[in-house]
Amino acid sequence: MSRIDDLKGLDLAVYSATWCPDCRRLETWLTGQGVAHRKVDIETVPGAAEKLETETGKRAIPFVLVNGERWVRGYHKELPQRLDGDLLVTELLAAGK
């Protein structure tokens, strides 16, 4: 069983927007890996942008709300490719504990 399979028990809400390249990169990766998630478009869902900023102190996207409790940044700004799947899985699993 892969570590991606371990994500199956988590509720993943991806806060994003259609104009965001990091959001599209995350969406492509999650979909390609078969990871169940739901999108929360901060541009169209009332209160979503405010919730994100209030709870994270950030305005950057994408962010993933894990099990409705803990936030994980959905990109890795310190990496040239901006997203590392293995690192993201580790972060999501840690947040889901």
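Basis for what follows: all heavy atoms, side chains included, without hydrogens, waters or symmetry-related copies. Positions are given from 1 along the sequence.
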Shortest non-hydrogen separation from [X] to [Y] and the atoms involved:
X	Y	answer
Gly96	Asn67	O-ND2, 3.7 Å
Ala13	Val40	CB-CG2, 4.1 Å
Glu91	Arg73	OE1-O, 4.1 Å

If you measure from [atom1] on [X] to [atom2] on [Y], what distance do you get to the nearest 0.5 Å?
X	Y	atom1	atom2	value
Leu65	Leu12	CG	CG	9.0 Å
Ile42	Glu53	CD1	CD	9.5 Å
Lys97	Leu92	NZ	CG	12.5 Å
Asp86	Ile4	CG	CD1	7.5 Å
Leu7	His37	CG	NE2	11.5 Å
Trp29	Asp84	CH2	CG	9.0 Å

Pairs involving residues 39-48, ordered by first then second residue, that meet side chain to side chain donor-acceptor pair (under 3.5 Å) (sequence neighbours left out): Trp19-Glu43
Side chain to side chain donor-acceptor pair (under 3.5 Å) pairs, two or more places apart, involving residues 8-18: Asp11-Arg38
Residue pair His76 / Gln81, side-chain donor-acceptor N/O under 3.5 Å: no
List the residues meeting side chain to side chain donor-acceptor pair (under 3.5 Å) with [X], not counting sequence neighbours, and say none if there are none.
X	answer
Glu50	none
Arg25	Asp22
Lys51	Glu55
Thr90	Arg3

Run the side chain to side chain contact (heavy atoms under 4.5 Å, CB included) test on Val66 and Trp71 for me, step by step, so that the C-alpha distance in whole Å, both residues' side-chain angles and the decisive distance to 0.1 Å come before the verdict. CA-CA 6 Å; Val66 181; Trp71 293 93; over 6 Å; no
For Val35 and Leu10, what are the C-alpha separation, side-chain angles and deciding distance, and is it a side chain to side chain contact (heavy atoms under 4.5 Å, CB included)? CA-CA 10 Å; Val35 176; Leu10 301 179; over 6 Å; no
Shared hydrophobic cluster, Leu26 / Leu87 (ILVMFWY, side-chain heavy atoms < 4.5 Å): no
What do the steps show when you test Val14 against Phe63 for side chain to side chain contact (heavy atoms under 4.5 Å, CB included), and what is the final call? CA-CA 6 Å; Val14 179; Phe63 262 85; over 6 Å; no
